[in-house]
Trainee: 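This is the structure I want to talk about, given as structure tokens.
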Amino acid sequence: MWARCLARSPVKPGRGLSAVAQLRGVLEKELDAIRGAGTWKSERIITSKQGPHIKVEGKDTGILNFCANNYLGLSSHPEVIRAARETLEEFGAGLSSVRFICGTQNIHKNLEEKIARFHQREDAILYISCFDANAGIFEALLSPEDAVLSDELNHASIIDGIRLCKANKFRYKHMDLNDLEAKLKDAQKHRLRLIATDGVFSMDGDIAPLREICDLAKRYNALVFIDECHATGFMGPNGRGTDELLGVMDQVTIVNSTLGKALGGAAGGYTTGPKPLIDLLRQRSRPYLFSNTLPPAVVGSASKALDLLMESNEIAQSVAAKTKRFRTKMTEAGFTIAGKDHPICPVMLGDARLASLMADDLLQRGIYVIGFSFPVVPKGKARIRVQISTAHSDDDIDNCVRLFTEVGRKHGVIS
């Protein structure tokens with residue numbers, strides 16, 4: 001009896017481990033498990049501007065960067081930098097406010113209008129990141145009367161955004177149209193049906209079958225949402241994305257994308273689509289309502305990046321030939337490259353430790369790439385994700401393939 005009473009008695013203050021010490025123990029155990037699994041992610045320190053040629057702390061020579069989202073080379077484009085500097089001088093470092101209080105300048109409205117015009121939509125709304133755009137749309141748009149159907153390999157931000165909403169949730173197998181159709185049939189009793197998919201899936205570089213998805217949406221009276229973070233600026237004849245590439249711009253209802261990759265690479269995201277939707281997001285989207293507005297320098301650089309794209313489609317098309325060069329040469333060397341016709345070129349390795357070791361060996365030889373493993377990708381699907389930029393020269397690409405081949409032979413990946 002006394003033993004039971006003592007077992008139920010709370011621990012008195014000062015006895016045993018403190019709460020902070022207990023927390024440290026729990027955290028160190030988790031961190032040791034990550035290290036033990038070979039999935040520890042170190043942050044290398046870059047000491048130069050972003051670009052194909054960078055400087056890395058601890059390295060005496062220049063490094064070729066093959067893992068940035070800088071698809072069009074605009075992160076260090078002189079006109080983009082000049083626009084950021086001029087906007088900074090004219091409009092200041094920041095607004096110290098959310099949009100609806102005193103955080104909206106004319107440059108923000110101009111950029112939103114430009115984004116809508118670029119995507120050929122009615123209106124657009126800016127966020128501090130596309131993660132916030134994805135976190136803010138589903139909860140504001142969908143109710144318990146509605147349904148959302150999501151590809152199982154959608155980006156984490158889409159998954160998290162869907163978790164926040166109260167809609168009925170359906171997850172379909174990756175790019176599996178039969179499974180999507182079955183889920184659409186199950187969702188017919190709901191008021192609205194929204195299909196949510198990445199346009200391009202960032203880990204594999206595979207492109208969603210948007211034509212077929214839109215056909216199903218039409219058949220089952222559903223809406224289509226796409227995340228275009230890894231497509232905006234360079235997919236399609238004019239760089240408008242996968243919906244332009246596949247000829248379904250008029251069938252995709254909502255586009256979320258980023259300013260932090262091809263469009264200057266600084267920060268920021270957006271939603272573009274029907275004006276009533278954008279109006280609703282301004283009233284109800286929590287990341288929009290409760291986050292500071294996008295800094296003026298970022299607005300200036302992104303606006304200039306869009307100007308460059310809309311002046312000529314040459315820049316949007318320039319990365320395709322270099323992507324083909326890399327994929328062809330790596331395949332001929334014996335590597336397995338996932339995806340198709342996209343500058344995301346995952347070199348599939350399977351083992352997490354192998355991916356990490358190869359990435360480290362490549363850095364020693366002057367190639368900056370990163371190994372990706374669980375939980376970023378599924379277990380057993382570790383890879384090194386190479387990303388091609390229009391700023392890479394043919395010599396840069398050939399040197400990368402040569403050094404990959406050298407390291408791949410060292411680790412027994414190729415013969």
Trainee: Residues in salt bridge (Lys or Arg N to Asp or Glu O under 4.0 Å) with Arg383, at least two apart?
Mentor: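 Here the qualifying residues are Asp204.
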Trainee: Listing request: all ring-ring contact (aromatic ring centres under 6.0 Å, His included) pairs with a residue in residues 261-286, at least two apart in sequence or in separate chains.
Mentor: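 Checked against ring-ring contact (aromatic ring centres under 6.0 Å, His included) - neighbours excluded - the pairs reaching residues 261-286 are His119-Tyr270.
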Trainee: State which residues pass side chain to side chain donor-acceptor pair (under 3.5 Å) with Ser393; sequence neighbours excluded, sorted by chain then number.
Mentor: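 With sequence neighbours excluded, Ser393 shows a side chain to side chain donor-acceptor pair (under 3.5 Å) to Asp396, given in chain and number order.
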Trainee: Show the atom names and distances, to 0.1 Å, of all donor-acceptor pairs under 3.5 Å that link a side chain in residues 245-255 to residues at least two apart or in another chain.
Mentor:
none

Trainee: If you take all heavy atoms of Met175 and Ile207, which pair is closest and at what distance?
Mentor: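 So the minimum-distance heavy-atom pair works out to SD-O, 3.4 Å.
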Trainee: Using salt bridge (Lys or Arg N to Asp or Glu O under 4.0 Å) as the criterion, list what pairs up with Lys324, not counting sequence neighbours.
Mentor: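 With neighbours one apart ignored, the set is empty.
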Trainee: Taking distance alone, no hydrogens or angles, what donor-acceptor pairs closer than 3.5 Å link side-chain atoms of residues 401-409 to residues at least two apart or in another chain?
Mentor:
{"residue": "Thr405", "atom": "OG1", "partner": "Val401", "partner atom": "O", "Å": "2.8"}
{"residue": "Glu406", "atom": "OE2", "partner": "Arg365", "partner atom": "NE", "Å": "2.6"}
{"residue": "Arg409", "atom": "NE", "partner": "Ser415", "partner atom": "O", "Å": "3.4"}

Trainee: Which pairs, with at least one residue in residues 21-60 and sequence neighbours excluded, count as a ring-ring contact (aromatic ring centres under 6.0 Å, His included)?
Mentor: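 Pairs touching residues 21-60 that pass the test: none.
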Trainee: The criterion is side-chain contact (heavy atoms from CB on, under 4.5 Å); which residues satisfy it with Ala21, sequence neighbours excluded?
Mentor: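 Partners of Ala21 by the side-chain contact (heavy atoms from CB on, under 4.5 Å) criterion, ordered by chain and then number, come out as Leu17, Ser18.
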Trainee: With a 3.5 Å cut-off and no angle check, do the side chains of His342 and Thr323 form a donor-acceptor pair?
Mentor: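 No pair is found: no donor N or O on one side chain lies under 3.5 Å from an acceptor on the other.
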Trainee: Of all residues at least two apart in sequence or in a different chain, which pass the salt bridge (Lys or Arg N to Asp or Glu O under 4.0 Å) check with Lys169?
Mentor: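 Here no residue qualifies.
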Trainee: I'd like a table of donor-acceptor pairs (distance under 3.5 Å, sequence neighbours excluded) in which one partner is a side-chain atom from residues 368-380, with atom names and distances.
Mentor:
none

Trainee: Among all residues two or more places apart in sequence or in another chain, which pass the ring pair (Phe, Tyr, Trp, His ring centres under 6.0 Å) test with His174?
Mentor: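 His174 satisfies ring pair (Phe, Tyr, Trp, His ring centres under 6.0 Å) with Phe201 once adjacent residues are dropped.
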Trainee: With Asp186, which residues qualify under salt bridge (Lys or Arg N to Asp or Glu O under 4.0 Å), at least two apart?
Mentor: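 Per chain and number, Asp186 pairs via salt bridge (Lys or Arg N to Asp or Glu O under 4.0 Å) with no residue.
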